[in-house]
Amino acid sequence: MITFASPLTYGPGIILRLLKESYAEMISMDPLFWKREEQFWAKYDHDVFQNPDSTGTCAFVSLLGKTVIGMGSFDPRKCPALGIIGHNCVLPLFRGKGYGKKQIEEICAQLRIRGCTKATVSTGDHPFYIPAQRLYRTCGFREIRRNVEWIRPNPHFKMIEYEKKL
């Protein structure tokens with residue numbers, strides 16, 4: 001059974017490590033682009049630990065027993081109108097077992113607790129992200145925009161944005 005815990009329990013670097021391991025395949029395709037992206041991940045990881053009462057409450061690690069298998073995060077600052085699903089990943093060894101769905105359900109539950117009435121999430125329009133695209137549709141999200149420019153443009157793909165009423 002999957003459970004969720006604060007990343008603060010695991011110390012700085014846990015979020016960065018999970019994202020790097022989860023995106024290793026994409027990183028190998030364009031190391032220069034992903035090196036920059038890793039800097040943003042490192043900053044996010046740092047922010048979680050520097051701001052445990054704000055940013056730190058909007059991230060979790062996912063556990064299978066005592067094994068950390070992934071992470072999820074969200075941004076409730078636009079609530080009640082909108083909650084944004086942020087970084088989320090499941091380590092490759094644990095994919096395809098429904099854990100990603102449980103993470104998205106947990107994020108949506110946390111957004112509802114904070115009064116959000118709608119959630120949005122983005123993923124890549126690239127074959128690597130087909131499982132994520134399926135996951136969001138399975139969780140009740142509907143595609144609202146395609147070919148959205150990413151904040152940090154990547155020549156390999158565009159983004160797809162999804163939305164769901166909570």
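Note that the numbering runs from 1 along the sequence shown for the chain.
- A side-chain contact (heavy atoms from CB on, under 4.5 Å) with Phe74 is found for one member of Val121, Ile104, Leu111 and no other, namely Leu111.
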Stepwise side chain to side chain contact (heavy atoms under 4.5 Å, CB included) test for Arg146 and Lys158 | CA-CA 8 Å; Arg146 190 173 278 261; Lys158 300 281 187 179; over 6 Å; no
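- Ser62 places no side-chain N or O within 3.5 Å of a backbone atom of Phe4 that could act as its donor or acceptor partner.
- Salt bridge Arg17/Glu21: present, at least one basic N to carboxylate O contact under 4.0 Å.
- In Lys78, the NZ atom is not crowded: 12 or fewer heavy atoms of neighbouring residues, nucleotides or ligands sit closer than 6.0 Å.
- Counting only distance, with no hydrogens or angles, the side chain of Asn88 and the backbone of Met71 share no donor-acceptor pair below 3.5 Å.
- Side chain of Thr117 to main chain of Pro80: a donor-acceptor pair is present (N/O by atom type, distance under 3.5 Å, no hydrogens or angles).
- A donor and an acceptor atom, one from each side chain of Gln133 and Arg137, are nowhere located under 3.5 Å apart.
- Between Asp45 atom CG and Leu18 atom CG the span is 9.0 Å, to the nearest 0.5 Å.
- The 12-atom threshold is exceeded at CD1 of Ile113, counting heavy atoms of other residues, nucleotides or ligands nearer than 6.0 Å.
- Applying the side-chain hydrogen bond (donor to acceptor under 3.5 Å, both in side chains) test to Glu105 and every residue at least two apart in sequence or in another chain returns nothing.
- Separation of the Tyr162 and Phe141 ring centroids does not fall under the 6.0 Å cut-off.
- Evaluation of the disulfide (SG to SG under 2.5 Å) test over residues 5-91, restricted to residues two or more places apart or in two chains, returns Cys79-Cys116.
- Counting only distance, with no hydrogens or angles, the side chain of Lys97 and the backbone of Leu93 share a donor-acceptor pair below 3.5 Å.
- Of the N and O atoms on the side chains of Glu161 and Ser122, not one donor lies less than 3.5 Å from an acceptor on the other residue.
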